[in-house]
2 protein chains.
Amino acid sequence: MSFTIKDIAKISGVSTSTVSLVISGKGYISESTREKVQKVIDEYNYRPLRSARQLAANRTGNIGFIISDVHLSRSEAFYSRILLGAELEARNYDTYLLLSTVPVHINAPDDFPRFLKGRDVDGVIIVGSVSPILIDHILKLGMPIALVDYRVPGLEIDSIIMDNRYGLSLIVEHLVHQNVTHIGFVGGSFYHPSIKERFEGYQTAMERLGLGDISRNKNYHYLVEEETTTDIGSLGAEQLLKTVNNLQAIICVNDTTAIGCMNKLQSLGKKVPDDILVTGFDDVNYAALTNPSLSSIHVPKIEMGMGAMKLLMDKIENPDKISQTQLIPVKLVERMSSIRPNRE
Amino acid sequence: MSFTIKDIAKISGVSTSTVSLVISGKGYISESTREKVQKVIDEYNYRPLRSARQLAANRTGNIGFIISDVHLSRSEAFYSRILLGAELEARNYDTYLLLSTVPVHINAPDDFPRFLKGRDVDGVIIVGSVSPILIDHILKLGMPIALVDYRVPGLEIDSIIMDNRYGLSLIVEHLVHQNVTHIGFVGGSFYHPSIKERFEGYQTAMERLGLGDISRNKNYHYLVEEETTTDIGSLGAEQLLKTVNNLQAIICVNDTTAIGCMNKLQSLGKKVPDDILVTGFDDVNYAALTNPSLSSIHVPKIEMGMGAMKLLMDKIENPDKISQTQLIPVKLVERMSSIRPNRE
DNA sequence: ATATTTTATCGAACCGTTTCGATATTAATT
DNA sequence: AATTAATATCGAAACGGTTCGATAAAATAT
């Protein structure tokens, strides 16, 4: 069919092993031979066949990309950018990404990604929280993992997370700068570490700015042990309006929640930002499209995906290297939803 | 390392070829042997190694998924669902999906997806419009293609498209039912067939309902030869407000445009839906989250992805089968943006 | 009863690489 | 000059499957 390594060997007058060495850059090859062979390779536009390579070298050249179905559908705009980043970086390693969604409450082993049942990947990237059962299973397989926007305390796993606490301090400072002090918080389930960190970040920042009374006051926050949705945002808005006198701003745990929150406020006759300021987190691509446009914390999603890929490949090449956690910096994006029109 | 077909053969007391036949379901195998072998396979949880299979059978078991970078970033919410659908269906064929974005204006052959340069896929799914150069190249490779939301007139390629014309007739009818006649249209570039069809659908439907004068009047539509964005939506809104007296409704070519349109209208002091009705198309997942919520045409994206996968696999198995175009039905989703609050 | 066809199983070649160990040459060290 | 080390190349054995005849037994047709 197509050209094989044997053809290249024959044409350049060397053995197949020599060609192989030239391609991989391993072992000793004289400069003259290298050039000679490389010229033939280029001329015939030869590329080694992946499956043959995989079989002989006992590695697949594939990376699994795992995400829970709930996360994907709830935060598609967020996670699909991470996938994109990972794919971009994958090119540098001549690696392919295999996507798989898994149910949140996994029914082992039926619900495991199929690339785990076969031996079709050299490692996996997991984004967002995922059942510990699955993580356990992958670790038992001895397969390297890189986590994105998730951590498992106590386990030695590479992970990439954004600086949630810092992000929240940026928001709180910004709001206070708008001459606002009665700041509420709407959040979701704590089984996802990011959510928890954001709430804690809110509390710490408030405390630091002398607003500790508020951030410790239960009336000022609405927290539900559920996946964050627009519904939680609207419920939170409704609730805080009832329990807080003179509510001036609502910090939402993410953009989805913030959108629900803004819509509810508006349908209750409260104007954003005139009456109440609202902020989100994540800066998903439609945050700029809401009305008013939503202030948010920008998270470099592409970079996080790329970073995860790098960490993982590093781990695959040096399995003994100690795992690390990378903290990705974030920044505030000020839009209309959090700017007071009539500053005193 | 892991179990191989030889182990299974030895344990069940047959040859490797017999095991292979049992697994593939090909050839003649007695019922008793099949059971015996299958039992061993199940017991040891054996799975053939992909790369070995690929090498021997000369097929990769991979499908390429190609999308232009511009489309992906502009309509991520739309296309990522199609990817998801394709992946869902891929499981039924024990196939993996390899994702690749390509630049709109492709610089051949450097910008070709890398799975084409290697021989790493058995076929490709292409979503949205893509450079003819690329399509040509793939056809020359003799590789089967399935198109989603795109067509190349004159070429024999399987494709899946949504019923754009019908969708627009639904919208026009709905608006007329709201006692509205001065209906404008905001759209984008015609090199994407769907865009063109939607505009034509608008004209046909208007004509049919006796509003031909309007649909043929240039003042009533704003069309730009560019990728559709929110900006086009706001420019369109601005423009139509100027050129049309008593504008009552704006049909936008898709949801993204509609969001830009609504935001601009509101910032110009026009209320939606009180003063002007607005509709979108695609029903992306945040269409329900706008304020007011956006009426749109629901397009079953997951199903389109699944359908493309089926078409493609069918083509791979029967290369001689004549290509077909599947028209996917759509339906109207009435939300707040197009319901007149004070009907006469 | 014999010839033919269908069913069942197997051995061996093959798919296109990588890599280990052997061998030959050249360079460096004593 | 002799020994050792480094460099360069190659042959052949894997890697784990599929598939093409070959062979034999069972079923069917003549």
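Hydrogens, waters and symmetry mates play no part in the numbers below; they use all other heavy atoms, side chains included. Just so it is clear, the structure is predicted and the values come from calculations on it, not from any experiment. Labels below follow one simple rule: chain letters A, B, ... track the order of the sequence lines, proteins then strands, and each chain is numbered from 1.
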Rounded interatomic separation in angstrom, taking [atom1] from [X] and [atom2] from [N]:
{"X": "A:I23", "N": "C:dG16", "atom1": "CD1", "atom2": "C1'", "answer": "11 Å"}
{"X": "A:R59", "N": "C:dT17", "atom1": "CZ", "atom2": "C1'", "answer": "13 Å"}
{"X": "A:D120", "N": "D:dG16", "atom1": "CG", "atom2": "P", "answer": "14 Å"}
{"X": "A:K10", "N": "C:dG16", "atom1": "NZ", "atom2": "P", "answer": "13 Å"}
{"X": "A:Q54", "N": "D:dG16", "atom1": "CD", "atom2": "C1'", "answer": "13 Å"}
{"X": "B:D7", "N": "D:dG16", "atom1": "CG", "atom2": "P", "answer": "9 Å"}
{"X": "B:F3", "N": "D:dG16", "atom1": "CZ", "atom2": "P", "answer": "13 Å"}
{"X": "B:I5", "N": "C:dG11", "atom1": "CD1", "atom2": "P", "answer": "14 Å"}

Examine [N]: is either OP1 or OP2 under 4.0 Å from a nitrogen or oxygen in the side chain of [X]? Give yes or no.
{"X": "B:Y28", "N": "C:dT7", "answer": "yes"}
{"X": "B:K6", "N": "D:dG16", "answer": "no"}
{"X": "B:S30", "N": "C:dT7", "answer": "no"}
{"X": "A:K26", "N": "C:dT18", "answer": "no"}

- Task: Would you mind listing every ring-ring contact (aromatic ring centres under 6.0 Å, His included) that reaches into residues 43-71 of chain B, with sequence neighbours excluded?
- Result: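 Checked against ring-ring contact (aromatic ring centres under 6.0 Å, His included) - neighbours excluded - the pairs reaching residues 43-71 of chain B are B:F3-B:Y44, B:H71-B:Y79, B:H71-B:H192.
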
- Query: Tell me the ring-ring contact (aromatic ring centres under 6.0 Å, His included) pairs involving residues 118-149 of chain B, sequence neighbours left out?
  - Reply: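 ring-ring contact (aromatic ring centres under 6.0 Å, His included) check on residues 118-149 of chain B returns B:F112-B:H137.
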
Who pairs with [X] by salt bridge (charged side-chain N to carboxylate O under 4.0 Å, His left out), at least two apart in sequence or on another chain?
{"X": "B:E76", "answer": "A:R81"}
{"X": "B:R151", "answer": "B:E197"}
{"X": "A:R34", "answer": "A:E31"}
{"X": "A:K321", "answer": "A:D314"}

- Name the one of B:S75, B:S129, B:S194 that satisfies side-chain hydrogen bond (donor to acceptor under 3.5 Å, both in side chains) with B:D149? B:S194

- Axis-to-axis angle across the helix from C:dA1-D:dT30 to C:dT30-D:dA1, five pairs an end, to 10 degrees? 30°

- Between A:K36 and A:E43, does at least one N-O distance fall below 4.0 Å, as a salt bridge requires?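 Here A:K36 does not pair with A:E43 in a salt bridge, since their nearest N and O are not under 4.0 Å apart.
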
- Going by an N to O cut-off under 4.0 Å, is there a salt bridge joining A:K310 and A:D158? no

- Message: I'd like to check the side-chain hydrogen bond (donor to acceptor under 3.5 Å, both in side chains) partners of B:S24; sequence neighbours left out, ordered by chain and number.
- Response: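 So B:S24 forms no side-chain hydrogen bond (donor to acceptor under 3.5 Å, both in side chains) with any residue.
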
Name the pairs: protein N/O against N/O of nucleotides 10-12 of chain D, kept only if under 3.5 Å.
| from | atom 1 | to | atom 2 | distance (Å) |
| --- | --- | --- | --- | --- |
| D:dC10 | OP2 | A:S15 | N | 2.9 |
| D:dC10 | OP2 | A:S15 | OG | 3.4 |
| D:dC10 | OP2 | A:T18 | OG1 | 2.6 |
| D:dG11 | N7 | A:S17 | OG | 3.2 |
| D:dG11 | O6 | A:S17 | OG | 3.2 |

- So which one's nearest nucleotide on DNA chain C is more toward 5', B:T33 or B:L55?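 Nearest-nucleotide comparison on DNA chain C picks B:T33.
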
- A:I29 vs A:A56, nearer the 5' end of DNA chain D by closest nucleotide: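 Mapping each residue to its closest nucleotide by heavy atoms, the 5'-most match is A:I29.
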
Output a table of donor-acceptor pairs, distance under 3.5 Å, between side-chain atoms of residues 95-106 of chain B and any protein atom two or more places apart or on a different chain; print 'none' if there are none.
| from | atom 1 | to | atom 2 | distance (Å) |
| --- | --- | --- | --- | --- |
| B:T95 | OG1 | B:Y93 | O | 3.3 |
| B:Y96 | OH | A:F115 | N | 3.3 |
| B:Y96 | OH | A:D120 | OD2 | 2.7 |
| B:T101 | OG1 | A:R91 | NH2 | 3.3 |

- Heavy-atom contacts under 4.0 Å between residues 42-53 of chain A and DNA chain C, which residues? A:Y46, A:R47, A:P48, A:L49, A:A52, A:R53

- Task: Could I get the full list of side-chain contact (heavy atoms from CB on, under 4.5 Å) partners for B:A56, not counting sequence neighbours?
- Result: none

